[in-house]
Every structure is written in C-alpha cells, then in structure tokens.
2 protein chains.
Amino acid sequence: MSHVGYPCLMALDRDHVLRSAAALLTRKSTATMDEVAKAAGISRATLHRHFAGRDALVRALEALGIAECDAALDRARPEEGAAADAVRRLLREIQPAAGLLAFLYGENQLWEGERQHDGWQRLDARIGALFQRGQQAGEFRIDLTPVWLTEALYGLIASGAWATLDGRVAARDFPTMIAELLLGGALRREES
Amino acid sequence: MSHVGYPCLMALDRDHVLRSAAALLTRKSTATMDEVAKAAGISRATLHRHFAGRDALVRALEALGIAECDAALDRARPEEGAAADAVRRLLREIQPAAGLLAFLYGENQLWEGERQHDGWQRLDARIGALFQRGQQAGEFRIDLTPVWLTEALYGLIASGAWATLDGRVAARDFPTMIAELLLGGALRREES
DNA sequence: CTATTGTGAGACATTGATGTCTCATGTGGG
DNA sequence: CCCACATGAGACATCAATGTCTCACAATAG
C-alpha cells in the first residue's frame with residue numbers, strides 16, 4: 001500500500017487512530033469497526049492490534065475526552081477572576097473537544113447503572129466547584145444547585161455540538177451562545 | 001396465561017404497549033424487542049403483530065412523542081400572557097413526556113442526515129415562534145436566536161430527564177430547574 | 001542480502017438481534 | 001356446543017458486527 005513512509009511507531013499511530021475515530025463517531029455514533037478503520041486509513045486487523053475491541057476503543061476515547069476536558073479546564077484557570085469569566089474561558093477552550101464530548105455524553109446514557117470512568121467524577125467535581133465558587137462570591141444565584149448547573153453545561157455543550165454539526169448554528173458562535181444562555185438566560189436584563 | 005379478561009381490542013393494547021416501550025427505552029435505549037415485549041407483558045410474537053419491526057416501533061414512539069409535545073404546547077397556551085410564563089407552563093406540561101423526549105432526542109442524533117418526521121419541524125416552528133414572540137415583546141434578549149433557544153430547550157429537557165432518572169436531581173424540581181436556567185441563567189439579578 | 005516487523009486482505013466461526021413461521025391453547029361470540 | 005381469533009411459546013433462517021486467524025507483501029534494520 002502507498003502508506004506513509006515514516007517509521008511509524010505504534011504510539012504515534014494510536015493517537016492518530018483515536019482522533020479519526022473521535023471525528024467519525026461524533027458524526028455517526030453507531031459506526032462499525034470497519035468504518036472506523038477506513039476513516040483512520042488502516043485495516044480492521046491493524047485497528048484490532050491497537051484496540052482489543054469496540055469496548056476498548058470507546059474506553060480509550062473516554063480517556064481522551066476526559067484528558068482534553070481536564071486540559072481545557074486547566075487552560076481556563078477556573079480559580080481566577082470572576083466565575084462567569086472562567087465559565088466563558090472554559091467554553092472557549094473546550095470547543096475543539098465538544099464533538100467528542102457529545103458522543104461520550106450520549107454513550108454514557110446507555111450504560112445503565114454500570115460504573116463509569118473515575119475521571120468523570122473528578123471533572124464533575126472541578127466544574128461543580130467553579131459554580132460553587134461563583135455562588136459563594138455572590139455572583140451566581142443559589143437556587144440552582146452546582147450539580148444541575150454542571151449537568152446543564154454538559155447538555156448544552158452536546159446540544160451545541162450537534163446543532164453545529166447539522167449546520168443549524170454557526171461554529172464561531174458556539175462558545176458565546178452557550179455561555180450567554182447558561183450565564184444570562186433568555187430574559188433581557190433591565191438594569192443594563 | 002392469567003391475562004386481563006377484558007375483550008382487549010388491539011387498539012387499546014397498542015397504546016399500552018407503546019407506553020411500556022416508552023418507559024423502558026427511556027431507561028435503556030438499546031433494549032431488545034424481547035425486553036420491550038416482556039416489559040409490556042406480551043410475547044415477542046404479539047409485539048410483532050402490533051409493530052412490524054423495531055423501526056416501526058420507534059417511528060410509532062416518535063409519533064407519540066410528537067403528539068404529546070403538541071398536546072403539552074396546546075395546554076401551555078403559548079400565545080397567552082408573558083412569553084416567560086408560557087415557557088414555564090410549557091415545561092410543567094411537558095415533564096411527563098420528558099423521558100420519551102430524551103430517548104427520541106438521542107435517537108435522532110444517529111439518524112445521520114436522513115429525513116425525519118415532519119412533526120419535529122412543526123414543533124420547532126411552534127416553540128421557535130414562542131421565543132420570537134418574547135423577543136419582539138422586548139421580553140427576551142435578541143442576541144440569542146430562536147433556533148438556538150429551541151435547541152437548548154430540547155437539550156435541557158433531555159439533560160433534566162436523564163439527571164432525574166439517575167437520581168442526581170429531584171423530579172419535583174424538573175420544571176423550575178430548567179425554566180429558571182433557560183430564562184434567567186446562572187447569574188444573579190442585581191436589580192431585584 | 002536477509003531477517004524482522006508491521007501491515008492489508010481476506011477467510012472463518014461466533015454471537016446477538018431480528019423477522020418469520022407453525023402449532024397448541026384459551027377465550028369469547030354465535 | 002362449536003367456531004373464529006388473538007395469543008404465547010418456540011423453532012428456524014437471516015443478517016450484521018465482531019473477534020480470531022492465516023498468509024503474502026513491503027519496508028526497514030542489521
């Protein structure tokens with residue numbers, strides 16, 4: 001095959017395969033292992049050499065999504081400045097991973113009850129802490145729990161990612177759309 | 001079998017089966033036809049006599065979800081009074097169908113590109129019109145498009161339904177949680 | 001040059017869900 | 001009493017995806 005001539009170490013390929021799979025499964029969450037392999041430009045046999053099976057692939061994608069979320073959270077500096085600005089920064093940083101997040105969000109819904117990757121709990125805690133900080137600073141209202149705000153953030157990211165993929169909204173509006181709705185809501189501010 | 005002794009017409013059974021399937025698929029969207037049949041208290045053969053196949057069942061559930069949405073929208077009187085209050089009424093009325101809606105919302109994501117039930121477009125239009133009315137009345141901000149607000153409403157309903165099923169939030173808070181976030185956002189109002 | 005290694009292609013068995021069929025049963029209506 | 005009909009149970013073929021295997025080929029290192 002006219003494949004790349006580099007001395008491809010498996011570690012490098014693995015990341016490329018993971019990215020391709022993420023991009024494909026974002027658009028079609030039921031894609032076959034065959035389709036995943038084709039999308040990555042490799043054969044199904046090689047795909048199986050990287051990931052023992054579909055489960056292993058999804059779990060690797062989960063780890064990738066969690067890592068990207070963590071990295072985005074780090075870059076957003078959630079402890080710094082106004083909580084609202086931190087949320088805006090977080091959404092800007094997390095946009096590139098939004099498609100993968102949306103896929104994993106939908107995937108988690110059908111793992112009824114089963115235990116999930118510990119990373120999600122840690123992420124929930126980090127994001128929940130951001131909302132709690134905003135509440136304690138008197139910046140956010142206290143009648144909406146941090147748990148619900150975190151849940152709503154995930155849901156809006158998934159909705160935004162899907163609406164973007166379908167072309168119903170523009171990708172460039174993604175971060176502000178979500179941040180403005182989540183923070184300010186639909187009602188006009190009278191005091192401005 | 002110790003089945004009900006009524007002269008069960010198929011039309012009556014059909015609705016019962018549909019409700020059971022909705023309740024089950026809400027919790028486990030990948031449930032087997034066998035599981036759906038068992039959940040409805042009938043055999044797989046009888047299930048197939050009601051619905052030609054899985055596709056037919058899902059399409060019937062889609063029609064049911066759309067009908068319930070339409071009914072909820074009617075009961076909410078979206079043209080009446082403040083748009084914000086109409087949104088609150090809508091969320092109260094739509095809560096019983098939230099689980100079904102969440103299932104259908106997730107199901108729609110994996111029908112890449114394919115044509116969808118016309119009913120969704122009509123619902124989108126009705127809900128979008130409500131947001132537009134709020135904007136024209138100066139009640140809602142105009143920098144968030146009605147399309148995005150509609151999308152966000154669906155997403156938050158699904159998020160709320162899943163968070164409720166998992167026990168992360170209380171079912172009684174469902175309508176206010178979503179309405180308060182969607183309308184008012186997380187930020188405190190300074191003018192109150 | 002030669003051995004090693006990763007790869008693609010494809011065959012193969014397996015599994016799980018699905019759709020179709022038959023047959024016995026039980027019930028209600030005529 | 002008898003017939004029609006819906007049902008439940010189960011057998012059966014089908015189909016798609018998966019996982020495993022072998023083998024030939026190309027590239028690279030020694």
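Below, chain A is the first sequence line, B the second, and so on; all start at residue 1.
The pair B/D118-B/R122 fails the salt-bridge criterion, with no side-chain N (NZ, NE, NH1 or NH2) lying under 4.0 Å from an Asp/Glu carboxylate O. We find that B/R126 and B/D74 are joined by a salt bridge, their nearest charged nitrogen and carboxylate oxygen being less than 4.0 Å apart. A salt bridge does not link B/E79 with B/R89: every distance from a Lys NZ or Arg NE/NH1/NH2 to an Asp or Glu carboxylate oxygen is 4.0 Å or more. A salt bridge does not link B/R133 to B/E139: none of the charged side-chain nitrogens sits closer than 4.0 Å to a carboxylate oxygen. A salt bridge links B/E68 to B/R19: at least one charged side-chain nitrogen sits closer than 4.0 Å to a carboxylate oxygen.
Within the 4.0 Å cut-off from OP1 or OP2 of C/dA9, not a single side-chain nitrogen or oxygen of A/S43 is found.
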Show each protein N/O and nucleotides 3-5 of chain C N/O combination with a separation under 3.5 Å, one pair to a line.
none

Nucleotide N/O to protein N/O under 3.5 Å, stretch nucleotides 16-18 of chain D:
unit_1	atom_1	unit_2	atom_2	d
D/dT18	OP2	A/M33	N	2.9

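Rounded to an integer number of Å, the gap from CG of B/L57 to P of C/dT18 is 10 Å. One atom, CZ of B/R49, and another, C1' of C/dC23, lie 11 Å apart when rounded to the nearest Å. Rounded to an integer number of Å, the gap from B/D13 CG to D/dC5 P is 17 Å. The nearest whole Å value for the distance from the NE2 atom in B/H16 to the P atom in D/dA6 is 19 Å. The nearest whole Å value for the distance from the CG atom in A/L47 to the P atom in D/dG19 is 10 Å.
Below 30°, between 30° and 60°, or above 60°: for B/Y105 and B/Y154 the angle between ring planes is between 30° and 60°, a tilted geometry.
Side chains of B/E151 and A/W162: no donor on one and acceptor on the other come within 3.5 Å.
Judged as a salt bridge (charged side-chain N to carboxylate O under 4.0 Å, His left out), and not counting sequence neighbours, the contacts of A/E35 are A/K28.
When the nucleotides D/dA9, D/dT7, C/dA9 are ranked by their closest atom to the side chain of B/H50, D/dT7 comes out on top.
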